[in-house]
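To keep things clear, I will list the structure first and then write my remarks on it.
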There are 2 protein chains.
Amino acid sequence: MNINRKKQIIQTAAELFKENGYNAVSMRDLAEKLGIKAASLYNHIDSKEEILAEIIMDLAYSFTAHMDEVKHKKKSIVDKLKEIIEMYIDTTIQKTDFLACMNKEWKYLGEQKRNEYWELRENYEKDFLNLVAEGIERKELKKCEEKITAFSILSTLRTLYHWISKYDKIDEKLLKSSLQENLLFGIVNQKNN
Amino acid sequence: MNINRKKQIIQTAAELFKENGYNAVSMRDLAEKLGIKAASLYNHIDSKEEILAEIIMDLAYSFTAHMDEVKHKKKSIVDKLKEIIEMYIDTTIQKTDFLACMNKEWKYLGEQKRNEYWELRENYEKDFLNLVAEGIERKELKKCEEKITAFSILSTLRTLYHWISKYDKIDEKLLKSSLQENLLFGIVNQKNN
DNA sequence: AAAAAATACTAACAAGTGTTAGTTTTGGGA
DNA sequence: TCCCAAAACTAACACTTGTTAGTATTTTTT
């Protein structure tokens, strides 16, 4: 069992799932893109569902790990938020297909993995929410509806893959600084008011 | 042919599509939720694809219509953006299921409708982008990467349905003002810097 | 070069898909 | 009450789905 072949299958599956959605991609589609027959896939993987789990779960854990790392750092809340944004952008650029699958196809994980994933996701959101709340307490952030604020930033980050795959050339630094500026400081020129 | 029955089918389909995705919902699933057999659906609709088109196309045109209306108004850019945000929130609240289908299932429209939809969507984005660009010109908005800014706001609006269906009680006014504040003026308390 | 292991293949399965044809039931207007 | 259209039904179709069994081929190890 060649592990590289398995990785290749998963990578190819991620591309297809991102483009067409998990349910619209058949094992025969996947096999064809790899130049083999569908049945041959089963020498390397157990099921279609397993492929999706392989795509999603590691990535989900890496987000959790990063959040756990950041939240205990001795930094301002604004800097923590910046770091989270930066990490999300990095991951989106480096693992576009995997991230797209995670954020739009997780519903099709088998029940067990889906629950596991969901817990990670909920905790990530809670941690994010807590950061916002703490930022308000410390008066680093304006008073605001924490849930709405958290949602709005996470929405942008989670769908970033959509825009990134539209353009083939991305100025990573520009993207990071622009997004941080927009999400944290807004877009209205307040000097003129 | 009772037109109310057709509307009922489309509404029920929208709920299912939003929840499980177009491809994961079979005509038998849809029929069952309506208390009939799958074949009976075809007394009211021509195909599964038609249902999706009925869900999406009207809504897409209403967004285009609203944008056409707003962009020629004599208002500040900030107020135009506020109005667009407000309209998006209204629609998300009133037609949650339809909007969810539009924003996450449009890929499964038949080729013709898909192209038609795509054009509307691209034009909407272009108009939005132009508003941002004009705002910068007029110095109402800060200098920024217009594309990134436009993307970031539209992302939030497009995935709002996701959050709204999580909570059953929404303070509409609060949601509108909070989101406008966050998206346009940012979240960082700049008085303290 | 022989043996073993990995990976491809063909063929087929049971179940599920959207849809059609033909028939029965339902319900409101003459 | 009879009629007719609307809308439900049963049965079946052709096709696609994920997956398995069994076999051939290729690659690696000895």
Side-chain angles (χ1 to χ4, degrees), chain A residues 1-57 101 104-114 117, chain B residues 1-57 101 104-114 117:
Chain A
M1 187 183 47
N2 184 352
I3 194 150
N4 287 336
R5 192 68 167 146
K6 183 168 181 177
K7 281 187 180 174
Q8 196 181 117
I9 290 171
I10 291 167
Q11 171 60 46
T12 306
E15 292 165 21
L16 287 174
F17 292 166
K18 183 206 139 200
E19 205 50 37
N20 307 110
Y22 178 77
N23 278 303
V25 175
S26 72
M27 295 301 271
R28 286 165 183 83
D29 293 334
L30 173 55
E32 195 183 15
K33 187 157 183 186
L34 287 156
I36 59 177
K37 292 289 154 68
S40 310
L41 292 167
Y42 291 84
N43 287 314
H44 303 92
I45 50 101
D46 288 339
S47 67
K48 193 185 178 190
E49 252 179 39
E50 191 220 337
I51 299 179
L52 189 61
E54 294 271 0
I55 293 172
I56 292 178
M57 297 309 294
C101 289
K104 67 192 256 296
E105 308 299 328
W106 64 267
K107 272 207 179 182
Y108 307 112
L109 286 168
E111 201 190 4
Q112 191 191 315
K113 295 284 179 185
R114 188 171 62 247
Y117 169 75
Chain B
M1 186 184 48
N2 184 351
I3 194 150
N4 287 336
R5 192 65 166 148
K6 183 168 181 176
K7 282 188 180 174
Q8 195 181 123
I9 291 170
I10 291 167
Q11 172 59 47
T12 306
E15 291 165 21
L16 286 175
F17 293 166
K18 184 207 138 200
E19 206 50 37
N20 307 109
Y22 178 77
N23 279 303
V25 175
S26 73
M27 294 301 272
R28 286 164 182 83
D29 293 335
L30 174 55
E32 196 183 13
K33 187 156 183 187
L34 287 156
I36 58 177
K37 291 290 154 69
S40 309
L41 293 168
Y42 290 84
N43 287 314
H44 303 91
I45 50 101
D46 289 339
S47 66
K48 193 185 179 190
E49 252 180 39
E50 192 220 337
I51 299 179
L52 189 61
E54 295 270 2
I55 293 173
I56 292 178
M57 297 309 294
C101 288
K104 67 191 256 295
E105 307 299 328
W106 63 268
K107 273 208 177 180
Y108 307 111
L109 286 168
E111 202 191 3
Q112 190 191 314
K113 295 284 179 185
R114 189 172 61 247
Y117 169 76

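Residue numbering restarts at 1 for every chain, and letters A, B, ... go by the order of the sequence lines.
Distance B:N4 CG to D:dA6 P: 15 Å, rounded to the nearest Å. Rounded to whole angstrom, the span from the CD atom of B:E32 across to the C1' atom of C:dG16 amounts to 14 Å. Spacing between atom CZ of A:R5 and atom P of C:dT7 amounts to 9 Å, rounded to whole angstrom units. Taking atom NZ of residue A:K7 and atom P of nucleotide C:dT7, one finds them 14 Å apart after rounding to whole Å. Rounding to whole angstrom units, CD1 of residue A:I36 and P of D:dT25 are separated by 18 Å. Note: CG (A:N20) to P (D:dT17) measures 12 Å, nearest angstrom. For B:K37 and D:dA12, the NZ to P distance is 15 Å, given to the nearest whole Å.
Remark: B:H44 is not in phosphate contact with D:dA6, judged by side-chain N or O atoms under 4.0 Å from OP1 or OP2. Look at B:S40 and you'll find a side-chain N or O under 4.0 angstrom from OP1 or OP2 of D:dC9.
Within the structure, no pair that satisfies the salt bridge (Lys or Arg N to Asp or Glu O under 4.0 Å) test touches residues 38-48 of chain A, not counting sequence neighbours. Residues in residues 12-22 of chain A take part in these salt bridge (Lys or Arg N to Asp or Glu O under 4.0 Å) pairs, two or more places apart or across chains: A:E15-A:K33, A:E19-B:K107.
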Report task. Let me have a per-nucleotide readout for nucleotides 17-29 of chain C, 5' to 3', with B, S or -, counting only protein heavy atoms under 4.0 Å. Result -> BBBBB--------
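For B:E49, the salt bridge (Lys or Arg N to Asp or Glu O under 4.0 Å) test picks out no residue, with sequence neighbours left out. Remark: A:E111 pairs with A:R114, A:N115 by the side-chain contact (heavy atoms from CB on, under 4.5 Å) rule, at least two apart or across chains. Here A:E50 pairs with A:K6 under the salt bridge (Lys or Arg N to Asp or Glu O under 4.0 Å) rule; sequence neighbours left out.
Using modelled atom types, one side-chain atom of A:T12 and one backbone atom of A:Q8 make a donor-acceptor pair closer than 3.5 Å.
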